Amino acid sequence: MIKTIEGDFSANTARFALVVGRFNSFVVDSLVQGAVDALKRHGVSENNLTIIRVPGAFEIPLAVQKAAGSNEYDAVIALGAVIRGGTPHFEYVAGECTKGLGQVALSAGIPVAFGVLTVDSIEQAIERSGTKAGNKGVEAALSALEMVSLLRNLDT
């Protein structure tokens with residue numbers, strides 16, 4: 001018989017850090033609301049949530065690294081928004097944020113959920129922060145919750 005190990009959404013005693021970029025807050029605030037709501041709906045206490053605010057997406061990976069290494073959290077959720085403009089700035093910020101979070105996720109030993117929007121337009125950002133394309137903050141929170149459970153199951 002094949003053994004299958006999976007996570008679920010039962011890790012409601014876990015502690016979560018949400019590292020949030022303030023830039024494009026008109027979109028990011030909806031991601032935060034969605035993530036917090038999803039965690040609370042799955043039984044996570046507000047006492048187990050910490051929101052860490054940074055200036056923008058470029059700064060998110062360093063704060064995620066510090067939070068992940070603090071031993072205070074079972075998972076870290078990165079939330080932000082990088083919206084393409086008329087210069088190459090978008091590629092640098094989005095690329096470095098993504099690369100930095102990937103490096104932290106592999107070295108941290110705890111789940112790092114990616115909820116940073118990298119979009120071509122304000123309309124796409126709005127769609128992904130709670131309208132017709134869902135809320136990527138919710139998706140990141142649920143991913144973190146499931147991964148905490150999965151890692152706990154792997155440890156048993």
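The structure presented is a predicted model; accordingly, all values stated were derived computationally and were not measured.
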Donor-acceptor pairs under 3.5 angstrom involving side-chain atoms of residues 141-150: please list them, not counting sequence neighbours.
residue : atom : partner : partner atom : Å
Ser149  : OG   : Asp8    : N            : 3.0
Ser149  : OG   : Asp8    : OD1          : 2.9

*In Å, rounded to the nearest 0.5 Å, how long is the span from CD1 of Ile77 to CD1 of Ile52?*
11.0 Å

_Distance check, rounded to the nearest 0.5 Å: Leu31 atom CG versus Leu79 atom CG?_
6.0 Å

*State, yes or no, whether a side-chain contact exists between Phe16 and Asn48 at a heavy-atom distance under 4.5 Å.*
no

_Going by salt bridge (Lys or Arg N to Asp or Glu O under 4.0 Å), name the residues that satisfy it together with Arg15, two or more places apart in sequence or in a different chain._
Asp74

*Exam field: side chain Gln65 to backbone Pro61, donor-acceptor pair closer than 3.5 Å*: no

_Intermediate values then yes/no, side-chain contact (heavy atoms from CB on, under 4.5 Å), Phe23 and Val28_ = CA-CA 8 Å; Phe23 202 78; Val28 177; over 6 Å; no

*Give the C-alpha distance, both sets of side-chain angles, the deciding distance and a yes or no for side-chain contact (heavy atoms from CB on, under 4.5 Å) between Arg84 and Glu91.*
CA-CA 8 Å; Arg84 186 180 302 277; Glu91 280 84 9; 2.4 Å; yes

*asked:* As an exercise, state the distance from CG of Leu18 to CZ of Arg53, rounded to the nearest 0.5 Å.
replied: 9.5 Å

_With side-chain hydrogen bond (donor to acceptor under 3.5 Å, both in side chains) as the rule and sequence neighbours excluded, what pairs involving residues 23-34 come up?_
none

*Give, for atom CZ of Arg41 and atom CG of Asn12, the distance between the pair rounded to the nearest 0.5 Å.*
15.5 Å

*Atom pair CD/CZ of Glu59 and Arg22 - distance to nearest 0.5 Å*: 9.0 Å

*Does the side chain of Val27 reach to within under 4.5 Å of the side chain of Leu117, using non-hydrogen atoms?*
yes

_If hydrophobic clusters are built by linking Ile, Leu, Val, Met, Phe, Trp and Tyr wherever their side-chain heavy atoms come under 4.5 Å apart, do Val82 and Val119 end up in the same one?_
no

*Minimum-distance pair of heavy atoms, taken over all atoms of Ala57 and Val116*: CB-CG1, 4.5 Å

*Tell me the ring pair (Phe, Tyr, Trp, His ring centres under 6.0 Å) pairs involving residues 25-49, sequence neighbours left out?*
Phe9-His42

_Flag side-chain contact, heavy atom, 4.5 Å: Leu39 against Leu49_ = yes

Under 3.5 Å, sequence neighbours excluded: what are the donor-acceptor pairs made by side chains of residues 93-114?
residue : atom : partner : partner atom : Å
Thr98   : OG1  : Ala94   : O            : 2.8
Ser107  : OG   : Gln103  : O            : 3.1
Ser107  : OG   : Val104  : O            : 3.4

*asked:* Tell me whether the count of non-hydrogen atoms from other residues, nucleotides or ligands lying under 6.0 Å of CD1 in Ile51 goes above 12.
replied: yes

*Minimum-distance pair of heavy atoms, taken over all atoms of Val19 and Ala63*: CG1-CB, 3.7 Å

*Please report the shortest heavy-atom distance between Ile60 and Gly80, naming the atom on each side.*
CD1-CA, 4.2 Å

*Does Val32 share a hydrophobic cluster with Val64, counting links as ILVMFWY side-chain heavy atoms below 4.5 Å and allowing steps through other members?*
no

*How long is the span from the CZ atom in Arg128 to the CD atom in Glu123, to the nearest 0.5 Å?*
11.0 Å

_Backbone of Glu6 reached by a side-chain donor or acceptor of Asn153 within 3.5 Å_ = yes

*ring pair (Phe, Tyr, Trp, His ring centres under 6.0 Å) contacts in which one or both residues fall within residues 57-80, not counting sequence neighbours*: none

